[in-house]
Amino acid sequence: EAGVTQFPSHSVIEKGQTVTLRCDPISGHDNLYWYRRVMGKEIKFLLHFVKESKQDESGMPNNRFLAERTGGTYSTLKVQPAELEDSGVYFCASSQDRGGYTFGSGTRLTVV
Amino acid sequence: AQSVTQLGSHVSVSEGALVLLRCNYSSSVPPYLFWYVQYPNQGLQLLLKYTTGATLVKGINGFEAEFKKSETSFHLTKPSAHMSDAAEYFCAVGETSNQFYFGTGTSLTVIP
């Protein structure tokens, strides 16, 4: 079984630019989550999809962040325009039940 | 909201020694509890989980954790550390929602 795949693994962009992160969950997993870890801090929840619907987006920092999940399959997280404080590692996870997530390897975003 | 405290951002143990990583949480309801491990340049991997039933939970790679409701703790232990255990460990707590709350992580160093 293929795991959760995230693209790109690293991204370095300038302040004010746009970046799009992609997550491919495990096939058949209805639940997809985005989390973020800012340097040295805890991993924080951003949002949760059930299929193509946003179940909970209470963790999204502001309206510069836009998440979509096309047809209940892969998901994208767009940051526009990026700010310095957006730097961190963005994790995607998927699950079929509440027994624990399967995480991707993360995208390390650096905004300079 | 939940808070998860991992005492000690860095822990060093000698190879063969006991590993003890501490995790305390704030919750008024029985939680779902998890430990994840992140090896360098990899994603978060589930070590073990507690949902219901036996409070002593065994995970992969010889790790185990015990849920102590009275102490609101879920400490991770391993009797004998291996060099390959060097990684960052995260405690996570989930409630009735699908949102998990993570601790800030503990980086484990194993000294030969």
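Chain letters run A, B, ... following the sequence lines, proteins first and then strands; every chain starts at 1.
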Any residue of residues 43-53 of chain A which, by heavy atoms, sits under 4.5 Å from chain B
A/Ile43, A/Phe45, A/His48

Side chain, backbone, both or neither of B/Gln38 within contact of chain A (heavy atoms, under 4.5 Å):
side chain

Do A/Leu77 and A/Tyr74 belong together in a cluster built from hydrophobic side chains that touch within less than 4.5 Å?
no

I'd like to know if the side chain of A/Tyr101 reaches the main chain of B/Leu46, judged simply by a donor and an acceptor atom lying under 3.5 Å from each other, with no hydrogens or angles considered.
no

Interface moiety of A/Arg108 toward chain B, non-hydrogen atoms closer than 4.5 Å
neither

So which residues of residues 58-66 of chain A are in contact with chain B at a heavy-atom cut-off of under 4.5 Å?
A/Ser58

Report whether A/Leu21 and A/Tyr33 are members of the same hydrophobic cluster (ILVMFWY, side-chain heavy atoms less than 4.5 Å apart, transitive linking).
no

Are there residues of residues 83-91 of chain B whose heavy atoms fall under 4.5 Å of chain A's heavy atoms? If so, which?
B/Glu88, B/Phe90

Going by side-chain heavy atoms closer than 4.5 Å, which hydrophobic residues are tied to A/Val12, directly or by a chain of links?
A/Val112

Does A/Lys54, at its NZ atom, have more than 12 non-hydrogen atoms belonging to other residues, nucleotides or ligands within less than 6.0 Å?
yes

What's the spacing between A/Arg37 CZ and B/Leu44 CG if we round to 0.5 Å?
9.0 Å

Same cluster for A/Met39 and A/Val89 if Ile/Leu/Val/Met/Phe/Trp/Tyr side chains link at under 4.5 Å?
no

State plainly whether one hydrophobic cluster holds both B/Leu18 and B/Trp35, where clusters connect Ile, Leu, Val, Met, Phe, Trp and Tyr through side-chain heavy atoms under 4.5 angstrom apart.
no

How many angstroms lie between atom OH of B/Tyr36 and atom CZ of A/Phe91, to the nearest 0.5 angstrom?
11.5 Å

Heavy-atom pairs under 4.5 Å with chain B, option from A/Gly106, A/Gly104, A/Ser9, A/Ser105 with the top count
A/Ser105

Taking a hydrophobic cluster as the set of Ile, Leu, Val, Met, Phe, Trp and Tyr residues connected by side-chain heavy atoms closer than 4.5 Å, whether directly or through intermediates, do A/Tyr35 and A/Tyr90 fall within one such cluster?
no

Heavy-atom neighbours of A/Glu83 CD exceed 12 at 6.0 Å
yes

